[in-house]
Amino acid sequence: MKRLKTILKGFASARGLFFITILVLAIPNVALCVTERMAPAACAANVLLPVGAVWLLMTLNRCPGKMVWALFLLVFFAAFQMVLLYLFGNSIIAVDMFLNLVTTNPGEAGELLGNLLPAVVGVVIVYVPVLVWAVVSIRKGDRLSDGFMLRQRRVAAVVVAAGAVSLGVSYAAYEDYRAELDLYPINVFYNLGLAVERTADTDAYADTSAGFAFNASATHPAAAREVYVLVIGETARACNFGLYGYGRGTTPLLGKTEGLVAFTKAVTQSNTTHKSVPMLLSAVSAENFDSIYFEKSIITAFKEAGFHTVFVSNQRPNHSFIDFFGEEADEWTFLKERKGGRPDTPDAALLAEVRRVLAKGRKKEFIVLHTYGSHFNYRERYPRCAARFTPDNATEAKPENRPQLVNAYDNTILSTDALLHGIIAELAATGAQSALVYTSDHGENIFDDSRRLFLHASPVPSYYELHVPLIVWTSDAYRCSWPQTAVSLAANRAKCVATSASVFHTMLGLAGIATPLRADALSVASTQYRPCPLLYLNDHNRAVPLGKMLRSEKDFEKFREKGIELLRN
């Protein structure tokens, strides 16, 4: 018993804090060796070099508590990394993760964290006690001896040397190895730098895009009344839509709608909102994404062609390209921000906005709607009376809650079905030549298989994040005036579509707007449409063949099941 007390006393000492800090900061390094399937030399470098470096840093001050707080950024990164591994099962903290931190509003972030209890609790248990212990150590005036510090420097130097040798072997043995991509936390700092750079480029957008013009013009008769609506969904995955063969009737109204074409093989080029939505709203795609800093959106193209334009969002502004593009419109509104707006404003409120705009009776109208759709927490996206699939009250992100989470998610799809049907009914009632295009920015993981993935925006995407709905509806008057377009839509419905590349061109084609940037080979409303290679915009904004991005055979199987073949090389 006396020996145990001695051990516990030593563990709680300044020396104990010294070694525990090194240990807890090494947890992500060890975990990533497994999740990233690193080769032996890369694995050794990923553990030895960072651990040795932290070991050396801890010897810079005799008070270990001060060094813990000096290394707080590493503690934060470690906690952040472990939460992401819990959610996605792999990958380091990506550039997009840092950008999500600054483009997600506090209410949304609080809602998310409140339902990630297992991950949050785990981080709190591991990392918060170390920080508290460090404060106690500082207040007590703990000091380590000079002899102890000298010995630890020697040991740390040996560990760093071994890590450096492993790093050299990694560069020599693995052609694609790069420390800024494969060595934690060097890769995290590298990604943080890229995030800062992109934020600065985004802040300068007003200046860099000031002189841009589409040189757009209308080709349809000026006398005809035309109304076009682009609806951008949020986190809606195709496999939960009844229109695409899902076992539940989640789209009962759209399933009976005349003039509607559902494209069965639509795939997004990004699983993050801040990239996907701007691609849907502009001429940029994965192949030329950096052009986004210099070009304007489809709203400006419609304005140049003589259309009155309206942008209505049921999401909060976040100083992103979505906001910049929306504010190009003649009228723009963020429902949750206006007087009387509420955090729980349902997407159904968008229908009233459409009615208000259509009541003006303008000859040429273009409306863009950005929904909150199926964003987690799913249960908060629809009123209680709309809960057809129950029970749906469980919100905590745990695999055992999957049945209720799926019920709630399916209820959000039902709400989207009702919204789209309502908008279509309003458009049909005008008698105008009108068309509606709906797609989602990306899909969602809901603990669908043994990987236990949840949410979206993982640096390594899954099938569930990529296969999205794409729906085009045209009115009787439109089909009567432009029958060839209706024929083309039907002919292309079973072809692969990269939504991020095609929606812009499809919308312009439907409206008969000519511009040098319009490419009919990318428009599913054209006889010239040709499926382009399925690409993915990776975390470093490079276009990568989708087959190279996927890691799991489960994803390839799901795509094959939907008739989408992906090349692995």
Side-chain angles (χ1 to χ4, degrees), residues 103 198 201-218 227-234 268-270 272-334 350 353 357 364-371 435-442 470 498-519 522-523 537 541:
T103 58
R198 288 185 200 171
D201 290 341
T202 301
D203 290 341
Y205 172 73
D207 295 326
T208 56
S209 65
F212 180 83
F214 283 99
N215 298 314
S217 60
V227 182
Y228 300 100
V229 180
L230 172 58
V231 184
I232 298 177
E234 172 67 56
T268 182
Q269 292 184 332
S270 176
T272 62
T273 299
H274 73 268
K275 285 182 178 178
S276 182
V277 174
M279 285 193 284
L280 294 171
L281 289 174
S282 70
V284 306
S285 65
E287 292 184 280
N288 64 340
F289 186 77
D290 286 341
S291 297
I292 200 166
Y293 299 106
F294 309 99
E295 298 185 9
K296 292 186 178 179
S297 80
I298 192 172
I299 291 173
T300 291
F302 270 83
K303 287 175 69 175
E304 290 180 8
F307 281 74
H308 179 268
T309 57
V310 178
F311 175 83
V312 187
S313 175
N314 196 30
Q315 301 200 22
R316 292 189 184 278
N318 54 19
H319 194 65
S320 69
F321 281 103
I322 303 171
D323 299 357
F324 304 155
F325 289 169
E327 290 168 10
E328 292 174 15
D330 297 303
E331 300 176 33
W332 51 269
T333 304
F334 292 88
L350 293 167
E353 293 298 310
V357 173
K364 308 291 182 181
E365 193 80 65
F366 179 51
I367 306 170
V368 177
L369 306 175
H370 190 196
T371 73
L436 175 146
V437 174
Y438 166 81
T439 192
S440 182
D441 54 356
H442 52 72
L470 173 60
T499 55
S500 312
S502 287
V503 165
F504 172 88
H505 304 281
T506 298
M507 202 80 241
L508 291 183
L510 286 166
I513 295 177
T515 165
L517 272 72
R518 176 177 141 189
L522 293 172
S523 169
L537 185 65
N541 284 358

Exercise. Hey, mind stepping through Leu537 and Met279 against side chain to side chain contact (heavy atoms under 4.5 Å, CB included) and telling me if it holds?
Worked result: CA-CA 10 Å; Leu537 185 65; Met279 285 193 284; 4.1 Å; yes
Problem set entry | For Thr309 against Glu365, the heavy-atom pair lying closest together | N-OE2, 4.3 Å
Problem set entry | Closest heavy-atom pair and its distance - Ala305, Ser217 | CB-C, 4.0 Å
Exercise. Do Lys303 and Asp330 pass the side chain to side chain contact (heavy atoms under 4.5 Å, CB included) test, and can you show the C-alpha distance, the side-chain angles, and the key distance before you say yes or no?
Worked result: CA-CA 8 Å; Lys303 287 175 69 175; Asp330 297 303; 3.6 Å; yes
Exercise. Hey, does Val368 have a side-chain heavy atom less than 4.5 Å from the side chain of Ile299?
Worked result: yes
Problem set entry | Flag side-chain contact, heavy atom, 4.5 Å: Leu522 against Thr506 | no
Seminar exercise, completed: Taken to the nearest 0.5 Å, the spacing of Phe294 CZ from Asp207 CG works out to 11.5 Å
Exercise. With a 4.5 Å limit on heavy-atom distance, are the side chains of Lys275 and Asn541 in contact?
Worked result: yes
Problem set entry | Donor-acceptor contact present, side-chain Glu304 to main-chain Phe214, <3.5 Å | yes
For this session: Kindly give the heavy-atom pair with the smallest separation between Ala210 and Lys296, and that separation in Å.
Result: O-NZ, 4.0 Å
Exercise. Distance from Ile298 atom CD1 to Ser282 atom OG, nearest 0.5 Å?
Worked result: 9.0 Å
Exercise. Between Glu328 and Ser297, is any side-chain donor less than 3.5 angstrom from a side-chain acceptor?
Worked result: yes
Exercise. Under 3.5 Å, is there a donor-acceptor pair between the side chain of Ser276 and the main chain of Asp441?
Worked result: yes
Problem set entry | Flag side-chain contact, heavy atom, 4.5 Å: Val310 against His308 | yes
Problem set entry | Test side chain to side chain contact (heavy atoms under 4.5 Å, CB included) applied to Asp290 and Val284, step by step | CA-CA 8 Å; Asp290 286 341; Val284 306; over 6 Å; no
Problem set entry | Flag side-chain contact, heavy atom, 4.5 Å: Trp332 against Asp323 | no
For this session: Could you check Ser270 against Thr272 for side-chain hydrogen bond (donor to acceptor under 3.5 Å, both in side chains), going step by step and ending with a plain yes or no?
Result: CA-CA 6 Å; Ser270 176; Thr272 62; 2.9 Å; yes
For this session: State, to 0.1 Å, how close Leu280 and Ser440 come at their nearest heavy-atom pair, and which atoms those are.
Result: CD1-O, 4.3 Å
Exercise. Just wondering, are more than 12 heavy atoms of other shown residues or ligands nearer than 6.0 Å to CD in Glu287?
Worked result: no
For this session: To the nearest 0.5 Å, tell me how far Leu508 CG sits from His505 NE2.
Result: 7.5 Å
Exercise. Ignoring hydrogens and geometry, is there a side-chain-to-backbone donor-acceptor pair from Thr208 to Tyr293 under 3.5 Å?
Worked result: yes
Exercise. Under 3.5 Å, is there a donor-acceptor pair linking the side chains of His319 and Asp203?
Worked result: yes
Problem set entry | Spacing of Leu281 atom CG and Leu230 atom CG [to the nearest 0.5 Å] | 6.0 Å
For this session: For residues Leu517 and Phe504, report the shortest heavy-atom separation together with the two atoms involved.
Result: O-CE2, 4.3 Å
For this session: Apply ring-ring contact (aromatic ring centres under 6.0 Å, His included) to the pair Phe334 and His370, showing each step before the final yes or no.
Result: CA-CA 9 Å; Phe334 292 88; His370 190 196; 8.8 Å; no
Exercise. Side-chain contact, heavy-atom cut-off 4.5 Å: Phe311 with Thr333?
Worked result: no
Problem set entry | Atom of Ser500, atom of Ser285 and distance for their closest heavy-atom approach | O-CB, 4.3 Å
For this session: Please lay out, stage by stage, how Val312 and Leu350 fare under the test side chain to side chain contact (heavy atoms under 4.5 Å, CB included).
Result: CA-CA 7 Å; Val312 187; Leu350 293 167; 3.6 Å; yes
Exercise. Parallel, tilted or perpendicular for Phe325 and Phe321, by the 30°/60° rule?
Worked result: tilted
Problem set entry | Side-chain touch Val229/Leu369, heavy atoms, less than 4.5 angstrom | yes
Problem set entry | Sidechain-backbone polar pair: Thr371 side chain, Ile232 backbone, donor-acceptor under 3.5 Å | yes
Exercise. Which distance, rounded to the nearest 0.5 Å, do you find between the CD of Glu234 and the OG1 of Thr273?
Worked result: 4.0 Å
For this session: Kindly say whether Asn288 contributes a backbone atom to a donor-acceptor pair with the side chain of Ser291 at under 3.5 angstrom?
Result: yes
For this session: Mind running ring-ring contact (aromatic ring centres under 6.0 Å, His included) on Phe302 and Phe366 for me, showing each step along the way?
Result: CA-CA 7 Å; Phe302 270 83; Phe366 179 51; 3.7 Å; yes
For this session: Measure from the side-chain N and O atoms of Tyr205 to the backbone N and O of Glu295, and report whether any donor-acceptor pair falls under 3.5 Å.
Result: yes
Exercise. Heavy-atom distance under 4.5 Å between the side chains of Leu470 and Tyr438, does that happen here?
Worked result: no
